[in-house]
Every structure is written in C-alpha cells, then in structure tokens.
Amino acid sequence: MIVELDSGRVRGRVADEHVLFQGIPYAAPPVGELRWRSPQPVEPWSHVRDATEPGCPCPQIAQSFAGVASENEDCLVLDVTAPRTPGRKPVLVWLHGGGGTNGAGALFDAHRLAVDEDVVVVTPNSRLGVFGFFGHPALPGGGAYGIEDQQAALRWVRRNIAAFGGDPDRVMLFGESYGGLSTTAHLVAPGSVGLLHRAAVQSGFPLMRPPAGTFGPFQPALDSMWMPTAELDRVGAQIADELGWTRPDDPDAADRLRRVPVTELLGVSSVFTRPAWGGPVLPVAPDEAVRAGRVADVPVLVGGTRDEARLFVALFYEEITEQSYGELLAEAFGPDADEVRARYPAAESPGLSWARVLSDGAWAASCWELMHALSAATTTFGYEFADRDAPPIVPFPPGFPPGAHHSAEVVYQFDLGEPAPLTDAQWRLAATMNRYWARFARTGDPGDNGLPAWPAFTPERPHVQSLRPDRIGPADFAADHRLDFWSRR
C-alpha cells in the first residue's frame with residue numbers, strides 16, 4: 001500500500017485487518033550540526049520510500065528493563081498502525097517509557113488497539129538521555145530537545161494523518177512512565193497548544209518529589225522531576241570539562257560537543273533525563289504550572305498501578321535486610337523514619353515493605369495530587385490498574401511477588417514482541433481497557449453504555465476507576481494507599 005505524505009510517498013505493509021507503516025521520518029536526522037538543535041524539516045524524496053521495516057532506535061545502552069541498544073542518531077521516525085476500514089478515525093499518539101534513556105516506538109505493536117477499536121495509532125521515537133536533555137552554556141535553549149521532537153511528531157500527525165484515515169482534530173497523546181511525564185510537559189508547553197485534544201498520563205510522575213531510594217538503592221532525593229535550565233547548564237559544563245570535551249571559556253565549545261563520539265556521550269546519558277524548564281520549550285516549571293492550574297483545556301485521563309514500586313525494588317530486593325530496610329527509611333525520611341516504619345513494619349518481608357512505602361508515599365501520593373490538580377483545571381478521569389496477577393514485564397527475584405507493578409498494564413494495551421501470557425479474564429480486561437482508552441480518544445469521556453460507568457474525578461467526588469479482571473469499579477484509592485498519613489508528612 002502506498003500513501004502520499006507532504007514529504008513524499010511511502011509503502012507500508014498490508015495485513016488482513018490493518019496496515020502498518022514503519023520508520024517514517026518526521027524530522028531531519030539530528031546528526032552533525034543538527035545535534036542538540038531543534039528538530040528540522042525532513043528533506044522531501046521523489047521515489048517511493050520503503051516503510052515496511054522498523055527505523056533505528058535512538059542511541060541507548062541496553063538495560064535490564066530494556067534490551068535495546070543503538071548508537072545511531074538518525075532515529076527521528078515513527079510508525080503508523082491503521083485499520084483497513086474506511087472513515088475518519090481518532091488518532092492515538094503513544095510516548096513510550098524507559099526512564100528517559102531507553103525505548104523505541106517500534107517496540108509497541110498496536111494492531112489490537114487499532115483494529116478492535118477502529119482507531120489510528122502512531123508510535124514515534126524521540127531523542128533520549130544526553131541527546132534529548134543535555135544542557136550547556138554554549139547550547140542556548142537546550143535541555144528539552146526530546147520534548148521538541150515529540151512536538152514535531154504531533155505536527156507531522158496534524159499534516160499527514162488524514163492520509164491514513166485519521167482525524168487530525170481528534171488526537172489523543174498518551175504515555176506511560178517517562179512517556180507520562182512527557183505527556184504532562186505537552187499540557188503546559190506553549191508549542192504544544194492545538195496539537196492534542198485529549199491526554200492520558202499513565203504512571204507518570206510530574207509532581208513527584210521522590211525520596212532517596214525511589215528508583216534505586218540510596219539514589220538521592222529530588223525536589224522535582226524537572227530541572228531549571230541554569231542548573232542543567234552548570235551540570236553539563238562541569239561534565240564536559242571533566243571529560244575533556246570542552247575547556248573552560250571555550251569559544252568553540254558547541255562545535256566540539258557536536259563532535260563527541262556517540263559512545264562517549266552514552267556513558268553519561270543517565271545523568272540527563274529531567275527535562276529543563278526556563279527556556280522557550282518549557283518557560284515555567286511544569287510541576288508548578290500544573291499545581292497552579294495552568295494547563296491545556298483538554299480532557300485528561302490519569303492513573304497508575306496498584307504496586308508501582310515493586311518493579312524498581314525488584315532490582316535489589318535480595319539485598320534488602322532488616323538492617324538495610326531501616327537504613328533506607330532513615331535516608332529517605334530522616335526524623336520521620338520511625339513513624340513510617342511503624343506504619344510499614346518489615347515483619348513479612350523488608351523488601352516488600354520498602355516497595356509498599358514507595359508505592360504509597362511516592363507514587364500514589366503524587367498521582368493523587370496530580371488528579372486533584374488537573375481536575376481543578378480541566379475534565380479529569382482517574383484510574384488504577386490493579387491486576388496483582390499481571391505477568392511481570394521483566395524477571396522478578398524468587399519470593400518477591402510482582403503484583404500490579406509499574407508498567408504492568410502496557411502488555412494489556414500493546415503486544416511487545418509476542419502476545420502476553422494472559423488468562424481469558426485478563427484478555428477481557430485488556431479489551432475493556434483499550435475500549436475505554438479509545439472511547440476517551442473519540443469523545444473525551446471513557447464512559448460507554450456497554451462498560452461499567454466511569455465518572456469524572458472531582459475534588460468533591462474523587463472517583464478512581466479500579467481496573468482488574470474480577471472487578472471494574474470505584475477504588476478506595478486514598479484508604480488503600482494510606483494517603484491521610486502521607487498527606488501529613
């Protein structure tokens with residue numbers, strides 16, 4: 001199948017019920033002089049471009065939670081999955097997770113969502129880690145190139161999605177984990193106005209102030225998931241000088257930085273994951289903008305998983321003893337550590353107790369705050385994915401139950417290589433979730449006559465929809481996560 005775009009023609013694959021176009025460039029390769037610059041237009045082509053194979057992932061080092069590796073900066077591509085039925089369909093644009101350093105749009109097979117719900121799904125790449133969020137005094141306006149890439153992908157959707165049967169006036173941006181953080185950025189970014197009409201934040205953490213150890217043993221606490229541009233430039237300059245990429249007061253610093261080999265840059269990629277504010281892309285701190293209600297007037301669906309922190313604690317679960325549990329609490333909560341331990345004793349398992357502390361005190365508490373903040377400014381729907389028998393997305397250590405861990409819901413929405421080993425009841429939940437999400441994309445309200453009611457979240461009636469195979473309905477979110485206790489801290 002051949003489709004005409006504003007940059008040229010592309011040929012995709014045709015299946016029984018859907019078409020798939022992969023590796024379509026939406027911006028020029030950010031290489032050479034274009035490294036650490038805003039995304040530039042694609043050079044048009046005159047031939048029919050093959051779009052039957054995935055494009056290259058953005059540069060990344062393989063991790064235990066993401067096995068993809070790449071050193072290729074020519075990666076600003078996207079995939080489009082569309083049903084073969086006629087009509088003007090809602091468009092869902094997916095921003096993947098991966099901690100800001102890993103992942104690729106092509107890893108998410110969206111054919112179930114597209115075919116069953118009659119929607120068009122777009123899965124883009126964007127620059128990651130040091131390539132997407134580096135800052136330096138020689139690179140004015142830096143620190144949010146990855147967000148700019150996503151804006152460029154949304155502009156591509158606006159110009160081209162009708163060719164695939166999509167409706168450019170019904171675009172839903174949705175993302176999980178780091179993709180949820182990025183989705184929130186677009187709710188406050190001036191350059192994203194008009195590019196999205198609904199948004200879904202899945203296990204995002206835009207308002208989180210993570211205590212020490214939230215993402216790994218004794219990692220330092222953060223007062224925000226966003227970084228001021230001045231601080232980012234200071235960190236970038238210090239690292240660049242220490243590694244010999246530049247010299248202090250170097251007039252040619254920008255040129256030198258753009259010649260640093262990809263492999264060297266990847267060595268510090270994990271340092272640069274927090275999007276920077278104070279520049280043209282994010283003029284104000286997104287967390288403060290959300291708290292003040294300065295967000296786009298689009299309906300928002302927001303939620304998380306019942307046992308978020310178990311995924312992160314699983315990486316060092318076997319090292320958590322009674323003693324180290326106490327040390328983790330002391331590092332995270334200081335003089336309040338004993339009070340937290342009284343609420344979360346380590347009688348059953350120190351590692352499981354630590355996961356519960358973080359699931360409630362970091363993840364659920366910040367999600368609850370986000371629901372309240374968004375609902376004060378726009379129509380908001382809250383949810384919690386609560387299938388504690390969900391298959392783990394990575395191997396978990398023996399004796400540590402994964403529960404409804406961070407990212408567990410993604411395999412219910414997409415196929416990641418092979419279909420997940422779900423039971424019949426779990427497949428029904430997967431179908432219901434995709435129907436909710438598609439209905440939200442179509443109308444701005446996930447409710448449907450054939451599904452359990454899903455009222456909006458309001459401060460007066462803070463409804464959170466529990467999603468699990470045996471029951472879909474209201475969750476007692478605040479009580480389940482002891483939010484009265486955490487709100488007093």
Side-chain angles (χ1 to χ4, degrees), residues 65-66 92-100 102-103 105 107-108 110 112-113 117 119 121-124 126 150 171-187 196 198-208 225 286 290 295 298-312 359 362-371 373-375 378 380-387 390 393 403-416 420 429-430 432-441 444 446 454 457 464-468 472 475 477 481:
F65 57 86
L92 287 79
V93 180
W94 170 253
L95 302 183
H96 65 78
N102 290 82
L107 300 177
F108 298 85
R112 278 193 289 115
L113 175 58
E117 303 306 328
V119 297
V121 185
V122 181
T123 52
S126 56
Q150 294 158 10
V171 175
M172 170 176 152
L173 185 66
F174 70 133
E176 185 270 338
S177 190
Y178 199 87
L181 182 79
S182 300
T183 299
T184 310
H186 295 288
L187 291 174
L196 61 150
R198 341 261 189 237
V201 179
Q202 300 180 208
S203 296
F205 35 85
L207 302 188
M208 187 186 291
M225 295 307 304
V290 170
V295 298
V298 301
V300 181
L301 189 154
V302 58
T305 68
R306 181 69 177 80
D307 308 294
E308 295 271 16
R310 292 195 194 184
L311 177 68
F312 305 95
S359 292
W363 289 95
S366 66
C367 185
W368 186 246
E369 183 187 5
L370 181 61
M371 292 176 187
L374 290 172
S375 69
T378 190
T380 301
F381 297 88
Y383 78 91
E384 180 173 66
F385 177 81
D387 183 4
I393 63 165
H405 58 283
H406 183 75
S407 302
E409 86 279 20
V410 175
V411 299
Y412 290 62
Q413 300 172 284
F414 299 93
D415 292 340
L416 309 183
L429 175 61
T432 298
M433 289 174 58
N434 277 353
R435 188 173 174 187
Y436 273 138
W437 264 242
R439 177 74 176 181
F440 182 67
W454 189 339
F457 183 105
V464 176
Q465 191 85 330
S466 177
L467 302 172
R468 67 188 203 209
I472 294 177
F477 191 85
H481 294 286

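Computation of the quantities below employed the complete heavy-atom set of this structure, encompassing side-chain atoms and omitting hydrogens, waters and symmetry-equivalent molecules.
Ala110 pairs by the side chain to side chain contact (heavy atoms under 4.5 Å, CB included) definition with Thr81, Val121, Phe414, not counting sequence neighbours. Here Glu369 pairs with Leu207, Arg291 under the side chain to side chain contact (heavy atoms under 4.5 Å, CB included) rule; sequence neighbours left out. In this structure, His96 has no ring-ring contact (aromatic ring centres under 6.0 Å, His included) partners at least two apart in sequence or on a different chain. The side chain to side chain contact (heavy atoms under 4.5 Å, CB included) test applied to Ala430 returns Arg112, Tyr412, Leu422, Trp427, not counting sequence neighbours. Every residue two or more places apart in sequence or in another chain was checked for a side-chain hydrogen bond (donor to acceptor under 3.5 Å, both in side chains) with Arg439, and none qualifies. Partners of Thr432 according to the side chain to side chain contact (heavy atoms under 4.5 Å, CB included) rule, which considers only residues two or more places apart in sequence or in another chain, are Tyr436, Leu451, Ile472.
The shortest distance between side-chain heavy atoms of Gln413 and Gln202 falls below 4.5 Å. Between Trp94 and Leu113, every side-chain heavy-atom pair lies at or beyond the 4.5 Å cut-off. Gln150 places none of its side-chain heavy atoms less than 4.5 Å from the side chain of Pro124. Looking at Glu308 and Cys367, their side chains never come closer than 4.5 Å, going by heavy atoms from C-beta outward. Within the 4.5 Å cutoff, side-chain heavy atoms of Ile393 are placed close to those of Leu311.
Centroid-to-centroid, the aromatic rings of Trp363 and Phe312 come within less than 6.0 Å.
Screening Asp415, Val411, Val410 for a side-chain contact (heavy atoms from CB on, under 4.5 Å) with Phe108, the sole residue that qualifies is Val410.
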